[in-house]
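The analysis underlying the following values was restricted to heavy atoms, covering all of them including side chains, and did not include hydrogens, waters or symmetry mates. Quick caveat, the model's predicted, so the values are computed rather than measured.
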Amino acid sequence: MGDIEVVVFDVLGTMVDEPSGLRAAIREAVPAADEALIDELLTVWQRHVELEQQRIAQGRRAYASTEIIDAEAAQRVADRAGLTDPAAIARLATAGQRLPPWDDSAAGLERVARHFPVIGLSNAGRTALPRLNAYAGLRWHQALSSETVQAYKPAPEIYRLAVDTAGCPPDRILMAAAHAWDLRGAQASGMRTAYIRRPVGDPPSNSDVFDWQFDGLDELVTMLTAG
């Protein structure tokens with residue numbers, strides 16, 4: 001690890017538990033819903049976000065920030081649940097700004113930051129990202145939103161943004177994420193890669209060859225800060 005100069009972390013799923021946060025916001029908006037309905041509404045939200053980000057990647061929709069797409073998802077959830085209160089729908093639309101950190105995220109990030117510049121690289125929009133970081137207690141040296149390049153990961157321009165910000169060769173930058181698809185994008189840009197296992201992540205396939213794989217953030221932090 002002696003040749004690593006900068007550490008870049010994915011945020012959604014890697015540092016915060018996105019499904020739990022969305023589930024809590026849906027439960028707050030639709031308090032009469034049972035767990036089965038909450039699961040259904042969460043799927044409505046997630047499918048909309050995934051589909052719209054795919055459409056943007058394919059050039060079938062102009063770039064729209066997560067704030068816009070989340071507001072659309074919230075309206076779809078409201079329509080499915082019969083929710084008509086405008087204030088409740090508006091609060092639900094900001095659910096992506098209130099996602100709980102994993103138990104090891106804040107402390108692990110702080111430990112790494114004593115030894116390396118740490119950069120958050122997220123698909124969260126420029127308005128949502130600082131609020132999300134504040135809510136989760138994540139303190140970065142710099143937090144980059146993919147909105148800056150009007151695209152969503154794993155578009156290559158997002159990783160170029162991280163490399164340009166880091167100011168060193170990509171093979172001296174470590175990208176850590178719980179999503180194999182994210183690490184593949186970083187790898188294609190020449191960055192080093194570390195997979196962190198999370199309950200909600202996208203695990204590597206048999207064909208993935210990442211530099212490191214860890215069962216949790218603490219393992220990565222220990223290796224980064226050893227000596």
With heavy-atom distances below 4.5 Å as the criterion, would you say the side chains of [X] and [Y] are in contact?
{"X": "Leu174", "Y": "Thr193", "answer": "no"}
{"X": "Val49", "Y": "Tyr152", "answer": "no"}
{"X": "Trp102", "Y": "Val200", "answer": "yes"}
{"X": "Tyr159", "Y": "Lys153", "answer": "yes"}
{"X": "Leu41", "Y": "Arg80", "answer": "yes"}
{"X": "Thr165", "Y": "Leu121", "answer": "no"}
{"X": "Leu132", "Y": "Leu12", "answer": "yes"}
{"X": "Trp140", "Y": "Asn133", "answer": "yes"}

Testing the basics here: between [X] and [Y], what is the closest heavy-atom pair and its distance to 0.1 Å?
{"X": "Phe116", "Y": "Leu224", "value": "CE1-O, 3.4 Å"}
{"X": "Asn123", "Y": "Trp181", "value": "ND2-CH2, 4.3 Å"}
{"X": "Val118", "Y": "His141", "value": "N-ND1, 2.9 Å"}
{"X": "Ala124", "Y": "Ser122", "value": "N-OG, 3.0 Å"}
{"X": "Val30", "Y": "Ala81", "value": "CG2-CB, 3.9 Å"}
{"X": "Ser145", "Y": "Leu129", "value": "N-CD2, 4.0 Å"}

Pair [X] + [Y]: basic N to acidic O under 4.0 Å:
{"X": "Asp17", "Y": "Arg198", "value": "no"}
{"X": "Arg27", "Y": "Glu35", "value": "yes"}
{"X": "Arg55", "Y": "Glu52", "value": "yes"}
{"X": "Glu110", "Y": "Arg139", "value": "no"}
{"X": "Asp208", "Y": "Arg184", "value": "yes"}
{"X": "Glu28", "Y": "Arg91", "value": "yes"}

Between Thr127 and Arg131, a side-chain donor and acceptor under 3.5 Å:
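On atom types as modelled, these side chains do not qualify, holding no pair under 3.5 Å.
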Any donor-acceptor N/O pair, Thr14 side chain to Ala178 backbone, under 3.5 Å:
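Present.
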Verdict with supporting geometry, Val8 and Met191, side chain to side chain contact (heavy atoms under 4.5 Å, CB included)
CA-CA 10 Å; Val8 179; Met191 299 167 74; 4.2 Å; yes
Linking I/L/V/M/F/W/Y whenever their side-chain heavy atoms sit closer than 4.5 Å, directly or via other members, would Ile26 and Ile69 fall into one cluster?
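Hydrophobic grouping puts Ile26 with Ile69.
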Steps toward salt bridge (Lys or Arg N to Asp or Glu O under 4.0 Å) verdict (Glu72, Arg61)
CA-CA 14 Å; Glu72 295 169 353; Arg61 177 178 179 175; 2.7 Å; yes
Decide yes or no on salt bridge (Lys or Arg N to Asp or Glu O under 4.0 Å) for Asp215 and Arg197, but give the supporting numbers first.
CA-CA 5 Å; Asp215 285 330; Arg197 189 180 313 280; 3.1 Å; yes
